[in-house]
Every structure is written in structure tokens, then in C-alpha cells.
A.B. asks: 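Sharing a structure below in C-alpha cells format, with a few things to ask.
Chain A is the first sequence line, chain B the second, and so forth, proteins listed ahead of strands; every chain is numbered from 1.
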Amino acid sequence: MTWVYIEDIAGYRDKDIELRGWLYNKRSSGKIRFLQLRDGTGLIQCTAFNPDKDNPLFKKIDSLTQESSLIVFGKVKEDPRAPGGFEIETSDIDIVQIADEYPITPKEHGTQFLMEHRHLWLRSRRQNAVLQIRVDVIRAIRDFFDGRGFRNMDTPFLTPSACEGTSTLFETEYFDQKAFLSQSGQLYNEATAAAFGKVYCFGPAFRAEKSKTRKHLIEFWMVEPEVAFAVLEDIIELGEDLIVFIMDRVLTRRRNELEILERDTAPLERIKKPFPRMTYEEILPKLNEKGSDIKWGGDFGAPEETMFGEIFHHPCCITHFPAEIKAFYMQPDEKRPDTVLGVDFFADEGYGELIGGGQRIHDLKLLEQRLKEHKLPREAYEWYIDLRKYGTFPHSGFGLGVERTLGWICGTKHIRETIPFPRLLYRIYP
RNA sequence: UCCUCGGUAGCUCAAUCGGUAGAGCGGGUGGCUGUUAACCACUAGGUUGUAGGUUCGAGUCCUGCCCGGGGAGCCA
């Protein structure tokens, strides 16, 4: 018999097939049995009917526990009574294993318990839907950049020093020296951009900050494009195109999952280019009107991030931040040297910063000065400085946080659900 | 790091003023031909996070510790 996956079941109407998976739930009623089987690609109901309630098939079925692994043999039937429109008329089953008493029952559980059983929680419908969307978002990101001629250049995870010198880094041993886990591939991207024109890196980033909020992970995934000769305006458009591309992909292919998550898709469907755009200076009075006491030189906090949604009802771009609150490599604006050509993209509905980026300093003298101002050790940045000596070029890039983007698309309350095994401040198990 | 809330059956929770620890789900047994977190009956299941203290008596009050949840700062 043919082994079929549940997601392909519609092509096997009235055929005898074989499904391999796990028992999600079962119900019985005298002479009829209902099995809900999942195989990782979907969920389907298998029925068995027999007037003799002591028949061998019923004996096998009745011995099954939640999450027991089994192979089901039967005929695919279209039936409007079944969820999904198809069900299996079971002729026989092979039990692979009778599962031990499964800790996650169909009733509700607390966060602590679920997080301790993350390895099993992944099997449940909601978690499955979020992570399926993750698969599509990651593929969309790669398709987007590959389709535009970007070269994927992987950057190292083990680095000799801080990329930005600000955030806390995880320290580790590198034979007889110290090494740090990378918090961004950007600086290396600037070197590969000079070699390949337009590049991106896509990998995990590690931040040893003791932040404990629903928007933070200790280990998260980030895609970082870098484009030689691009200026701020170019990179803003690239960011807009990327978000529109991802959204279009998810809305086309993952309606079903969004429905399982009960995500209101209206705010996602109205997203289009160009995004509302304002400078830091322009947005301040709007934030003050809404009750924020933020002043020039202050950074946005959680309340301000929520206000962006109330002001624009759309993801927005904020540009031209005060130089003092941004990283050392940010290119100053010619007309306002106290501001930099940086851009942050904020999601609406309070999901926070999705993208941070901008134009980099390409002038040798200015970069040297900034390194001094930030008290960064020149030796560690010698190679980075070289890029400004040998055919320097204006260039720009950004980083997009995959889990933040997913949290927003899926409407999850907490970012920890958007990655299979989240690393959180007080949780590294499982 | 700071603020805040919590830890009782495998899970989610209840337990009045300090006075015999209880319910639903899950497990077991039996019943039911269309169930949708099925339903009905019966049943087993407890060192109340931990170490002390107050008291005739502590799940409940006090102190320390451990482990978590929510939030802040910082960031993607």
C-alpha cells in the first residue's frame, strides 16, 4: 500500500493508502471508533466501525494512548462531517509504540509546564502553525534576496571582539585566546559587500543582555543585507520590499495556519509601499501628544513603540536619529551632523522594532574619530578600517529579526513561541 | 539588575477567621453507531517548592533560600 502524507490526501480519493503518524486524540461510541491522527503535515480523522465490539481491530484501537505512534491502513473518503473534508475508513492499524502517559493533555496548561515540555509542545496545533509559518518566512527571505542577485555570504559566529562594542557578549574560549559569540554579521558583511556588491548573511545572533520581556530572545535569527554604493533611501525601499514580499508569501500560502492562530489578517493585508516615514525630530511632538515625555536624545521605549501603531496603523519608518544614541559606524547627515542616516522599522499593534539599519561611515578620518570617541580598541578594527583605505564606497544595510517579524505576523503574545527551542534569560532547557 | 505576582494530585485550579486537603482534565474499569477539548457511571491518585520559626493545631501567619510568570531598562 502507498504511504501518503496527510497534506497530500486530496489526491487519493477512494484509494487504499497507508498513513504513518501519532494519535492526537480518540473518541469511541460502542460500535464506532474515531482516531485523530497527525503525521507532521496535517491532522485527519480515521474511523472504524464494527457491529462486534470485541473485534481485534477495536482491541488494538482501544489500547492506544495519546501520542502513540502507529500506521493506519484504510480508504480515503470524502466526508463533509469530517474536519478537513476527508477521513480514512480504517481497515487495520499497526502499532509502533504505545506511548507512556502523555503530559500535555487536550486541556489547558501553564507557561512554565509547557516551556519545560517544549520538545513535546511543538506537536500541538498552535505551535505547529507558528513554526510552519516560520518555515515559509525563512524561505521567503532567501527567495527575496537570491531573486535580486544578492550573494549569501555567511559571517562567523565566533568573533575576536564586539561588533558594535555596546551590547553584552557571550564570552568563550578559543584555545589560548578569548572569543565572543557574534551579535551581528554586519561588519563582516561590509567586507563581503566590497567583494560581491550586494550580500546578505542569515544566521543566529547572541545577546547576553539580561532582558526579560516578551520581545527578547537571548539567541535569535537575523537576516542582514548590505549593499555597496547604496544610500539610506535605497535601503529603506529594500526593507519595504522585503516586508511586503514576506507578507504576500504568508498570506498566499499560510491562510490555514493564520486561521488556526485566530490572527486577524486585516492589518496584514493593508500593508503596502511606501510605508509612512518620519524623522526622529518629526515624531517627537506626536509622541508627546500621546502622553510620552520623550525628549531629544532619548531612545524609544515600549510605550513609544506601541504609539507608532496608534499613529500610523501601518508599519512605519523612523529616520535621522541623534548620533549619540546610535552605533559608532552610522553615517552623519550632511545637513544635520548631529543626526545619523539610520532607519528603524516598527511594526504596528505594538510588536516593536523589526528592522534596524542605515548608511555606514565610509570616510576613513571620520571612522577613526568615531572609534576613538567610543573608546574602541583600534587593533581589533584594523581590518574594518582597511575597507575605508582601499577603494572606500558609500554603503548601507540593515538587520531584520526573524522572530519579531513572526511574532507580529502570527499575533503571538510572546516571541518565545516563534522559535522551536527559545533561549530565554532564565531558561536554557530543553 | 530592578519592580511585581506565584509555587497544593501527572496537568489546570479551589480550600471562608489558623481547625478532617477537594474538583475538572488526564490514568484505570464498564457503557453508548458520527464523535469534534465527546458524553455517562465507578475507581486509584497528596512529604501543599525548600529550611526554619510562631501556635494546642499551619496549605493558610513570619523569616531565609530555590524555581518560575509578568513588566522595566537595552535591543532585532
A.B. asks: Using a cut-off of 4.0 Å on non-hydrogen atoms, how would the nucleic acid contact of A/Gly301 be classed: base, sugar-phosphate, or nothing?
C.D. replies: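 Since only primed, P, OP1 and OP2 atoms lie under 4.0 Å of A/Gly301, the category is sugar-phosphate.
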A.B. asks: Does A/Gln66 make a side-chain donor-acceptor contact with the base of B/rG27, cut-off 3.5 Å?
C.D. replies: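 Flag unset: no donor-acceptor pair detected.
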A.B. asks: Taking the six-membered ring for Trp, are A/Phe308 and A/Phe300 ring centroids under 6.0 Å apart?
C.D. replies: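 For A/Phe308 and A/Phe300, the ring centres are under 6.0 Å apart.
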A.B. asks: Students often get this wrong, so: under 4.0 angstrom with heavy atoms, is A/Ile355 touching a base, only sugar-phosphate, or nothing?
C.D. replies: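 Result for A/Ile355 = sugar-phosphate.
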A.B. asks: Counting heavy atoms from C-beta on, name the nucleotide in B/rA76, B/rG73, B/rG34 closest to the side chain of A/Thr47.
C.D. replies: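 So the nucleotide nearest the side chain must be B/rG34.
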A.B. asks: Using heavy-atom distances to pick each residue's nearest nucleotide on RNA chain B, tell me which of A/His414 and A/Arg33 is more 5'.
C.D. replies: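 The answer here is A/Arg33.
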A.B. asks: Relative to the ring of A/Phe157, is the ring of A/Phe206 parallel (under 30°), tilted (30 to 60°) or perpendicular (over 60°)?
C.D. replies: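 Plane angle over 60°, so perpendicular.
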A.B. asks: Looking across every strand, which nucleic acid part, if any, lies under 4.0 Å from A/Glu219 by heavy atom: base, sugar-phosphate, or nothing?
C.D. replies: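 Here A/Glu219 touches no strand at all.
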A.B. asks: Determine the contact category for A/Ala205: base if any of its heavy atoms lies under 4.0 Å from a base atom, sugar-phosphate if only primed atoms, P, OP1 or OP2 are that close, otherwise nothing.
C.D. replies: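 Nothing, no nucleic acid heavy atom in range.
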A.B. asks: Can you tell me how far P of B/rA72 sits from CD of A/Glu209, to the nearest Å?
C.D. replies: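 That distance rounds to 15 Å.
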A.B. asks: Among the nucleotides B/rU1, B/rG73, B/rC75, which one has an atom lying closest to any side-chain atom of A/Leu425?
C.D. replies: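 When the side chain of A/Leu425 is considered, B/rU1 is the closest of B/rU1, B/rG73, B/rC75.
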A.B. asks: Which nucleotide sits closest to the side chain of A/Glu353: B/rU35, B/rA76, B/rA72?
C.D. replies: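 Looking only at heavy atoms from C-beta outward on A/Glu353, the closest nucleotide is B/rA76.
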A.B. asks: Hey, is A/Tyr102 stacking on B/rG26? Ring centres under 5.5 Å, planes under 30°.
C.D. replies: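 Stack criterion not met.
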A.B. asks: Run A/Trp383 and A/Tyr188 through ring pair (Phe, Tyr, Trp, His ring centres under 6.0 Å) and show every step you take.
C.D. replies: CA-CA 10 Å; A/Trp383 68 269; A/Tyr188 292 99; 4.8 Å; yes
A.B. asks: Give the nucleotide from the list B/rG69, B/rU35, B/rA76 with an atom nearest to the side chain of A/Arg427.
C.D. replies: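 From the listed options, B/rG69 comes nearest.
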A.B. asks: Between B/rC75, B/rG34, B/rC74, spot the one nearest the side chain of A/Glu305, thanks.
C.D. replies: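 Within the option list, the nearest is B/rC75.
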A.B. asks: Between B/rU1, B/rA37, B/rA76, which one does the side chain of A/Arg27 approach most closely?
C.D. replies: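 Nearest to the side-chain atoms of A/Arg27, counting from C-beta on, is B/rA37.
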A.B. asks: If you write RNA chain B from 5' to 3' in dot-bracket form, with Watson-Crick or G-U pairs under 3.5 Å, [ ] for crossing pairs and | for pairs with another strand, what do you get?
C.D. replies: (((((((..((((.....[..)))).(((((.......))))).....(((((..]....))))))))))))....
A.B. asks: May I ask you to say what A/Leu354 touches in the nucleic acid, namely base, sugar-phosphate or nothing, with a heavy-atom cut-off under 4.0 Å?
C.D. replies: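 Since only primed, P, OP1 and OP2 atoms lie under 4.0 Å of A/Leu354, the category is sugar-phosphate.
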A.B. asks: To the nearest Å, how far apart are A/Asn189 CG and B/rA76 C1'?
C.D. replies: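 Between C1' of B/rA76 and CG of A/Asn189: 15 Å.
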A.B. asks: Between B/rA44 and B/rC56, how far is it from one C1' atom to the other, in whole Å?
C.D. replies: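 So the two C1' atoms sit 35 Å from each other.
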A.B. asks: Identify whether any heavy atom of A/Arg416 sits under 4.0 Å from a base atom; if not, whether one sits that close to sugar-phosphate; answer base, sugar-phosphate or nothing.
C.D. replies: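 The residue A/Arg416 makes sugar-phosphate contact but no base contact.
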A.B. asks: Taking CE from A/Met330 and P from B/rC75, how many angstroms apart are they, rounded to a whole number?
C.D. replies: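 The answer, rounded to whole Å, is 10 Å.
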A.B. asks: Are the aromatic ring centres of A/Phe275 and A/His314 under 6.0 angstrom apart?
C.D. replies: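 Ring-ring flag for A/Phe275/A/His314: true, centres closer than 6.0 Å.
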A.B. asks: Atom CG of A/Leu23 and atom P of B/rG26: how far apart are they, to the nearest Å?
C.D. replies: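 A/Leu23 atom CG is separated from B/rG26 atom P by 13 Å.
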A.B. asks: What's the closest nucleotide to the A/Ala302 side chain, out of B/rU33, B/rA76, B/rA72?
C.D. replies: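 For the A/Ala302 side chain, the nearest candidate turns out to be B/rA72.
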A.B. asks: Establish whether the base of B/rC75 is bridged to the side chain of A/Arg404 by a donor-acceptor pair shorter than 3.5 Å.
C.D. replies: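 Indeed there is one.
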A.B. asks: Select base, sugar-phosphate, or nothing to describe what A/Ser28 touches, counting heavy atoms under 4.0 Å on all strands.
C.D. replies: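 A/Ser28: base contact, heavy atoms under 4.0 Å.
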A.B. asks: Centres of the A/Tyr381 and A/Tyr329 rings: under 6.0 Å?
C.D. replies: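 No; A/Tyr329 has its ring centre 6.0 Å or more from that of A/Tyr381.
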A.B. asks: Can we say A/Glu305 and A/Lys215 salt-bridge, meaning some charged N sits less than 4.0 Å from an Asp/Glu carboxylate O?
C.D. replies: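 Yes, charged N to carboxylate O under 4.0 Å.
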A.B. asks: Exactly one of A/Leu23, A/Thr65, A/Leu120 should register a side chain to side chain contact (heavy atoms under 4.5 Å, CB included) with A/Tyr102. Which one does?
C.D. replies: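 Single pass found, and it is A/Leu120.
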A.B. asks: Cut-off 3.5 Å, no hydrogens considered: what does the side-chain donor-acceptor table look like for residues 219-227 of chain A, sequence neighbours left out?
C.D. replies:
unit_1: A/Glu224; atom_1: OE1; unit_2: A/Gly185; atom_2: N; d: 2.8
unit_1: A/Glu224; atom_1: OE2; unit_2: A/Ser184; atom_2: OG; d: 2.7
unit_1: A/Glu226; atom_1: OE1; unit_2: A/Arg360; atom_2: NE; d: 3.4
unit_1: A/Glu226; atom_1: OE1; unit_2: A/Arg360; atom_2: NH2; d: 2.9
unit_1: A/Glu226; atom_1: OE2; unit_2: A/Arg360; atom_2: NE; d: 3.1

A.B. asks: Given atom CD of A/Gln36 and atom P of B/rA37, what is their separation to the nearest angstrom?
C.D. replies: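 Nearest whole value for this atom pair: 8 Å.
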A.B. asks: Output the single nucleotide from B/rU33, B/rG34, B/rA76 whose closest atom is nearest the side chain of A/Phe49.
C.D. replies: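 The listed nucleotide nearest to A/Phe49's side chain is B/rU33.
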A.B. asks: C1' atom, B/rG26 versus B/rU20: distance in rounded Å?
C.D. replies: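 Result for the C1' pair: 27 Å, nearest Å.
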A.B. asks: So, under a plain 3.5 Å distance rule, would you say the side chain of A/Ser29 forms a donor-acceptor pair with the base of B/rC39?
C.D. replies: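 Side chain to base: no pair below 3.5 Å.
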A.B. asks: Which parts of nucleotides 4-12 of chain B does protein reach within less than 4.0 Å, heavy atoms only, written one letter per nucleotide 5' to 3' as B for base, S for sugar-phosphate only and - for none?
C.D. replies: -------SS
A.B. asks: How is A/Asp299 classified with respect to the nucleic acid when contacts are heavy atoms under 4.0 Å: base, sugar-phosphate, or nothing?
C.D. replies: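 The residue A/Asp299 makes sugar-phosphate contact but no base contact.
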